[in-house]
Amino acid sequence: MPLTLRSNRSTLTQFLIEERRRFPSASGDFNALILDVALACKGIAKAVAYGELAGVMGNHSAEEGGTVNVQGETQKTLDVLSNDVFMRRTEWSGNLAGMASEEMDDPYQIPKQFPRGNYLIVFDPLDGSSNIDVNVSVGSIFSILRAPQDVIDSGRDVVDTDFFQSGSQQVAAGYALYGPTTMMVLTVGGGVNGFTLDPNLGEFMLTHPKMHIPEDTHEFAINASNSRFWEAPVTRYVDECLAGKTGARGKDFNMRWIASMVAEAHRILMRGGVFLYPRDTKDASKPGRLRLLYEANPVGMIMEQAGGRASTGEMPMLDVLPTSLHQRIGFVFGSKNEVDRIERYHREPLKAEEKNPLFAERSLFRD
Ligand code: FDP
């Protein structure tokens with residue numbers, strides 16, 4: 001058992017206070033908000049850890065209010081519970097003007113009995129939750145934006161368009177990962193820092209200061225069962241990785257797919273790699289699977305702040321101007337040189353044989 005009380009690591013609170021000293025005019029509201037989010041994540045971590053013992057596994061029952069969210073996805077009991085924890089822990093403090101979540105169709109209004117503040121929070125309360133029943137690591141992702149000035153001045157209810165800010169306007173972004181240890185990874189600009197939840201103290205302790213993603217990698221992550229729907233530049237990239245030493249890349253690659261984006265993001269932050277959930281032709285109504293506001297933007301900010309990159313495949317993710325609250329988008333992130341390469345493949349004109357992946361020189365379908 002580690003002697004955590006004698007450790008001289010910073011707590012998340014200490015870290016935030018020390019950061020704030022660099023901005024003497026800061027009110028402290030922002031730090032209070034991050035600490036509320038951290039408390040929400042500790043609560044969700046507990047619920048996830050108790051699992052079946054707490055009776056929180058499986059699908060959310062129709063009797064309790066429905067089973068499908070705005071995305072058309074089956075809600076897990078833990079999705080609904082985590083969403084509730086996030087709302088309850090952050091709505092009361094007077095720091096938020098409104099919030100939006102993967103699990104709610106419309107923006108959530110801060111109840112009248114509470115004061116309204118200067119920030120908006122957007123979150124995915126339990127990313128990777130379709131895997132929760134098989135005990136795979138899942139997490140919560142959040143993005144903090146400034147509320148538009150007229151929202152702050154008037155105190156009016158928030159509407160969808162108030163959240164339509166590009167990722168580059170995020171004030172902070174982070175995720176909690178509920179894995180063998182519970183971690184919180186946070187950027188408030190100026191780098192990325194990782195905190196591990198000390199179960200003895202109930203505090204997030206700074207264990208991974210100044211996280212940095214290696215620029216090169218030999219690991220890629222993609223759901224290969226979608227390969228027949230990929231666009232040619234993605235097929236080209238993956239085929240070259242699969243060809244390994246014998247192909248254009250001249251080195252062997254390893255593939256990973258946890259199917260829990262927050263866990264993949266963490267792996268990439270720790271040791272490099274590239275993740276692709278690209279735009280594809282599987283479903284014309286869905287230009288990508290992942291959501292811009294509460295998945296791609298916060299993870300994108302973390303990647304860029306850690307020296308990696310985040311892209312739609314064609315352009316920097318953080319430059320995209322959102323057009324809807326639950327907008328889906330192709331998402332490529334991780335080691336800088338790989339993401340640059342994938343963007344370059346999207347820009348380069350295609351050779352005839354690359355236009356149809358079935359006939360690509362090297363394709364997953366080739367005998
Ligand atoms: P989930 O729906 O379980 O929350 O958020 C979308 C996501 O998980 C990502 O975390 C994950 O990478 C992806 O879906 C998994 O998609 P596939 O089922 O296509 O592998």
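All figures in this text were calculated on a predicted structure; none of them were measured in a lab. Only this structure's heavy atoms are used, side chains among them; waters, hydrogens and symmetry mates stay out. Counting starts at 1 for both ligands and their atoms, in listed order.
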Discussion item. Tell me whether Arg89 is salt-bridged to Asp84, with the criterion being a basic N under 4.0 Å from an acidic carboxylate O.
Written reply: no
Response to the item:
of all protein heavy atoms, closest to atom 17 (P) of ligand 1 is Asn223 ND2, 3.6 Å
Worksheet entry | Proximity of Phe123 and Phe86 rings by center, below 6.0 Å | yes
Worksheet item: Any N/O of Phe275 closer than 3.5 Å to an N/O of ligand 1?
Response: no
Response to the item:
Under 4.0 Å from one or more heavy atoms of Met261, ligand 1 contributes atoms 9 (C), 10 (O), 11 (C), 12 (O)
Response to the item:
heavy-atom search around atom 2 (O) of ligand 1 in the protein gives Arg289 NH2, 2.8 Å
Worksheet entry | Nearest protein heavy atom with distance in Å, relative to atom 5 (O) of ligand 1 | Glu295 OE2, 2.5 Å
Practice prompt. Any chance you could measure Lys76, atom NZ, to Asp133, atom CG, to the nearest 0.5 Å?
Written response: 4.0 Å
Worksheet item: Should you measure from each heavy atom of Ser129, which atoms of ligand 1 turn up under 4.0 Å away?
Response: 3 (O), 4 (O)
Worksheet item: Can you say whether the rings of Phe195 and Phe15 are parallel (under 30°), tilted (30 to 60°) or perpendicular (over 60°)?
Response: perpendicular
Worksheet item: Under 3.5 Å between some N or O of ligand 1 and some N or O of Asn226?
Response: no
Worksheet item: When rounded to the nearest 0.5 angstrom, what is the spacing between CD1 in Ile141 and OH in Tyr294?
Response: 10.5 Å
Discussion item. Return the closest protein heavy atom for atom 19 (O) of ligand 1 as residue, atom name and distance.
Written reply: Tyr277 OH, 2.5 Å
Worksheet entry | Which of the ligand 1 atoms, numbered from 1, are nearer than 4.0 Å to a heavy atom of Ser130 | 1 (P), 2 (O), 3 (O)
Worksheet item: Got the closest protein heavy atom to atom 20 (O) of ligand 1, with its distance?
Response: Trp257 NE1, 3.0 Å
Discussion item. For the OG atom of Ser166 and the CG atom of Asn297, what is their distance to the nearest 0.5 Å?
Written reply: 7.5 Å
Discussion item. For Phe30 and Tyr119, I'd like to know if the aromatic rings sit close, meaning centre-to-centre distance below 6.0 Å.
Written reply: yes
Discussion item. With a 6.0 Å cut-off (strictly less than), is the heavy-atom count around OH of Tyr50, excluding the residue itself, greater than 12?
Written reply: no
Worksheet item: If you measure from each heavy atom of Arg291 to ligand 1, is any distance below 4.0 Å?
Response: yes
Worksheet item: Under 3.5 Å, N or O to N or O, is Gly128 touching ligand 1 that way?
Response: yes
Worksheet item: Does Asp340 pair with Arg344 as a salt bridge, N-O distance under 4.0 Å?
Response: no
Worksheet entry | Numbering as shown, the atoms of ligand 1 that approach Ala259 to under 4.0 Å (heavy-atom distance) | 11 (C), 12 (O), 15 (C), 20 (O)
Worksheet item: Got an N/O contact under 3.5 Å between Asn131 and ligand 1?
Response: no
